[in-house]
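These figures come from a predicted structure and were not determined experimentally.
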Amino acid sequence: MVTNRRQHPRRRFGSWLLLALTTVTVVMAGGLAVPAHATTTSSNVTASHLQQAVGSTGAVATPASTQAGLAAEVYHKSSALDLAQDVRDGKVTSTALVKQAIAKVKADNPQLNGVISLREDAALQEAAALKDTGQPFLGVPILIKGLGQTIKGGQNTQGLVTNKDVISGFTGTLVRNLQTAGFIVIGQTNFPEMGLLNITDSKLYGAAHSAWNTAYQPGGSSGGSATSVADGMVPIATGNDAGGSIRIPASWSGLIGLKPTQGVILGDSSSATAHGVNFAEAKTMADTEALFTALKNPKKATTAAPASLKGLTVAYTTKSPVGTPVSADAVRAVQQAVSFLKQQGLQVKEVDPPVDGVALMKDYYLLDTSAGSLSAYLTQFYQERAMTKDDVSPMNWGLYQASKHVTKEQGAAANAEIAAAADKMATFHQTYPLLLTPTTATTAPLVSDPAVLPADVAKLENMENIPADQQMQVIYDAWLHGLSKTPFTQQANLTGEPAISLPTYVSTSGLPLGVQFNAAKGQDPLLLKVGDLFEQHHQFKLLQDQTTATTTPSTSTDTTPTSPSESAKPTTPASTSKPTVQPSRTVKAVYLTKAFRLYQNVTNLTVKRSYSAHSRATAPHFKVTGIVTLKNGQRFYRVKGGYIRVNAAAHNLYYQRKTKRVAVIAKHGIYEYRHATLKANQRVKLVKPKTVLKVKKIVFQGHVTRYQLTNGHYITANRQFIQWR
């Protein structure tokens with residue numbers, strides 16, 4: 001074992017487009033060095049060992065409940081706060097949850113490649129020794145990003161092949177605070193080399209894959225964390241964000257991604273030139289808010305959100321700040337959000353931010369040359385030789401060569417221009433407290449889509465022979481292929497203001513895309529309240545609420561609808577190909593408020609019955625027994641009595657997540673029951689329509705759900721009878 005021979009200032013490595021914390025002139029003489037107390041060894045937590053541990057099957061599976069654990073479907077849908085409450089109530093142990101999380105990682109990770117290391121023995125020991133002292137996330141398993149979030153004994157490679165055997169000798173501030181909050185760290189997640197990309201792929205760890213569709217990227221650089229949460233391995237996984245590396249994966253993985261105000265998270269730098277923060281990928285606003293509270297630096301003030309958002313002015317734009325195309329999906333996502341905000345009483349106006357996006361990105365890339373010089377230093381430190389272009393990615397090699405020619409004056413000029421942009425945005429937010437944009441300009445790229453186009457790769461690999469005054473333009477051009485997909489996120493890092501990506505949109509091809517809100521520094525609570533507004537009105541589109549084909553069919557006994565409005569004649573068939581039928585993962589019953597057709601079959605689309613529009617409380621509902629996919633891509637629910645086309649008009653009949661309050665909308669009211677089975681002999685009282693009830697938690701009963709109220713009674717979670725408030 002070789003111990004580090006030098007001490008150095010602590011460095012926090014950001015995510016996509018890594019930036020120096022203080023100055024661009026980061027050279028070996030500048031004191032840049034490896035993490036303190038790191039050691040090199042033949043580690044037993046490498047990606048190859050993890051692959052051997054989890055097996056080589058290519059199928060994403062939902063593992064059966066472990067001994068004393070939760071039902072698999074309950075676990076992967078539960079929020080972190082729900083799991084913590086279950087541990088606190090004695091319904092499950094932290095040890096059982098850790099075992100369940102690790103089992104799901106081992107089952108699913110071979111296809112997703114989101115997790116690069118597990119600490120199974122240590123996690124189980126920590127779970128067994130855990131004491132309840134009121135921690136908000138008592139006993140909840142969590143994955144941490146493998147970049148910049150060190151845990152003793154974990155990998156500390158920065159994604160460099162030359163660092164592949166480096167492990168950390170200490171646990172950093174962020175991870176210690178996570179443990180103080182009650183989390184049990186079970187492993188580390190995948191990221192690109194030095195966090196330089198908006199996708200997750202590297203020579204060392206390989207590509208991560210989206211839990212929505214494994215042919216696509218989950219995003220970067222916190223892509224391993226995002227796909228792990230979307231898949232249900234853990235309810236929260238950490239990330240860091242220096243250019244969108246929390247928000248981009250949130251957009252492409254259908255999650256909530258908050259980038260807090262620079263310096264508001266304990267342990268993050270408050271320097272105006274420190275453009276990276278730590279936080280996480282999550283599925284619920286309650287988890288996001290509780291985590292923000294747990295990790296917030298108590299010395300950093302934030303401004304409380306207004307009591308009501310009605311009347312608040314929101315600016316929005318769908319124009320790329322660097323003049324690149326924006327997809328129709330991204331535009332529609334923002335338009336939907338604009339319509340929703342107007343319905344909620346907010347004032348919305350189309351306005352372009354007062355900054356030069358191209359100039360800012362050029363400043364950004366110039367500062368980011370420090371990643372190349374850091375990579376060269378680390379290679380020299382661990383390998384005792386100079387870094388070669390074969391050691392690193394072409395982009396990293398190009399940054400290294402360019403770093404040799406960047407002057408202090410250039411760095412100072414870049415930081416001055418960024419500071420001026422921050423001042424402009426501070427003034428902008430005095431008129432427009434919120435700025436709405438797409439989070440990403442497109443849905444996720446294919447895993448096969450290169451981060452850098454081949455012609456630009458050739459230039460980067462030959463960077464040492466390109467004149468110094470042309471090198472930064474080569475870097476800008478090379479990054480443009482990736483930047484054009486994600487041009488909206490970097491500004492918040494440069495200005496230091498908070499931003500949040502919300503999972504509000506799914507394309508017709510079944511891929512998610514988020515919308516982003518920016519606010520002034522210290523206005524994090526305002527962003528959290530906006531997220532609450534969208535979530536409480538059912539605007540979120542999570543993978544667990546979509547229809548996929550990985551679990552067994554429902555055995556529900558829901559009744560089929562009656563009284564069709566009319567009989568109908570056969571229509572033109574969509575396909576005569578033999579359809580494939582697969583079980584529905586999460587949607588076990590649907591109701592439809594808009595007019596629709598029930599088809600007798602899907603070979604020639606013979607219409608069995610047509611239904612007119614109904615109110616929510618009287619809408620027809622169906623038990624879903626499977627999903628039928630035609631070769632032309634059209635999908636249908638197989639239901640009792642026929643087939644229904646899968647579209648936005650068919651809603652999941654049962655709520656799948658916890659809420660704080662519900663209102664009764666059933667015409668004749670609903671009953672409260674003593675038990676979640678809701679048997680007639682357990683009725684307690686009839687609740688009248690329009691009554692608002694306080695909810696304690698959600699309870700799963702087979703394929704359906706119930707809500708337990710704060711008074712201990714149970715009610716149905718059927719959306720036809722109650723509504724979130």
Side-chain angles (χ1 to χ4, degrees), residues 198 212 219 243-244 246-259 285 309-310 312-355 357 425 428-429 431-445 483-493 495 497-520 523 526-542 648:
N198 59 359
W212 288 68
I246 288 174
R247 290 161 289 151
I248 293 166
S251 176
W252 287 346
S253 300
L255 299 170
I256 301 163
L258 172 69
K259 185 210 85 71
M285 288 307 304
L309 296 178
K310 289 185 177 180
L312 194 74
T313 304
V314 181
Y316 80 94
T317 182
T318 58
K319 294 180 182 178
S320 164
V322 297
T324 49
V326 176
S327 71
D329 281 317
V331 172
R332 280 194 291 268
V334 169
Q335 290 173 340
Q336 287 181 6
V338 167
S339 297
F340 170 73
L341 292 171
K342 289 179 178 179
Q343 292 170 4
Q344 301 307 312
L346 285 80
Q347 303 298 315
V348 188
K349 183 178 181 181
E350 188 168 10
V351 184
D352 295 331
V355 294
M425 287 306 300
F428 178 83
H429 283 305
T431 303
Y432 305 104
L434 292 169
L435 171 63
L436 166 64
T437 69
T439 306
T440 53
T442 68
T443 54
L483 176 64
S484 65
K485 300 178 180 68
T486 60
F488 296 100
T489 55
Q490 298 81 22
Q491 179 181 298
N493 296 95
T495 61
E497 63 190 33
I500 192 170
S501 180
L502 302 177
T504 62
Y505 183 86
V506 177
S507 71
T508 55
S509 59
L511 295 175
L513 190 151
V515 294
Q516 175 180 253
F517 287 91
N518 290 34
Q523 293 284 350
L526 174 60
L527 294 182
L528 294 173
K529 185 151 189 170
V530 171
D532 277 335
L533 181 70
F534 275 78
E535 184 182 46
Q536 292 296 321
H537 287 81
H538 324 297
Q539 299 299 304
F540 284 1
K541 307 291 191 302
L542 305 181

To check you understand the geometry: which heavy-atom pair defines the closest contact between [X] and [Y], and what is its length?
X	Y	answer
I256	P503	CG1-CD, 3.9 Å
Q523	A519	CB-CB, 3.7 Å
G244	N493	N-OD1, 3.5 Å
P445	K485	CB-CE, 3.8 Å
G243	T489	O-OG1, 2.7 Å
P487	P321	O-CG, 3.0 Å

Could you pull out all residues at least two apart from [X] that satisfy side chain to side chain contact (heavy atoms under 4.5 Å, CB included)?
X	value
P353	T317, V355, M425, L435, Q491
A492	R247, K259, E497, A499, N518
V331	T318, V326, Q335
V506	W212, K541, Q546

My understanding is that only residues two or more places apart in sequence, or in another chain, count here; which of them pass side chain to side chain donor-acceptor pair (under 3.5 Å) with [X]?
X	answer
Q536	T659
S507	S509
S251	T440
T439	S501

Nearest-0.5 Å distance, [atom1] of residue [X] to [atom2] of residue [Y]:
X	Y	atom1	atom2	result
T313	Q347	OG1	CD	6.0 Å
K529	L526	NZ	CG	9.0 Å
L483	F488	CG	CZ	10.0 Å
L533	L341	CG	CG	7.0 Å
L542	L255	CG	CG	7.0 Å
L502	L527	CG	CG	8.5 Å

**Request:** Could you tell me which residues satisfy salt bridge (charged side-chain N to carboxylate O under 4.0 Å, His left out) with K319, sequence neighbours excluded, listed by chain and number?
**Result:** D352
**Message:** List the residues meeting salt bridge (charged side-chain N to carboxylate O under 4.0 Å, His left out) with D329, not counting sequence neighbours, and say none if there are none.
**Reply:** R332
**Prompt:** Is there any salt bridge (Lys or Arg N to Asp or Glu O under 4.0 Å) pair reaching into residues 500-510, and which pairs are they, with sequence neighbours excluded?
**Reply:**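 Sorted result for residues 500-510: empty, none.
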**Message:** Among residues at least two apart in sequence or on other chains, which ones pass ring pair (Phe, Tyr, Trp, His ring centres under 6.0 Å) with F340?
**Reply:**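 For F340 the ring pair (Phe, Tyr, Trp, His ring centres under 6.0 Å) partners, ignoring immediate neighbours, are F534, H537.
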Find out whether [X] and [Y] are in side-chain contact, i.e. whether some heavy atom of one side chain is under 4.5 Å from a heavy atom of the other.
X	Y	answer
Q490	N198	no
L312	L434	yes
V348	Y316	yes

**Message:** For the backbone of A441 and the side chain of S327, can you confirm whether one donor and one acceptor N or O come within less than 3.5 Å of each other?
**Reply:** yes
**Message:** What verdict does the side chain to side chain contact (heavy atoms under 4.5 Å, CB included) test give for V334 and L436, after you've listed the backbone C-alpha separation in whole Å, the side-chain angles of each residue and the deciding distance to 0.1 Å?
**Reply:** CA-CA 7 Å; V334 169; L436 166 64; 4.0 Å; yes
**Item:** Reference residue W252; test side chain to side chain contact (heavy atoms under 4.5 Å, CB included); the match among T486, L513, L511
**Value:**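 Filter result, single survivor: T486.
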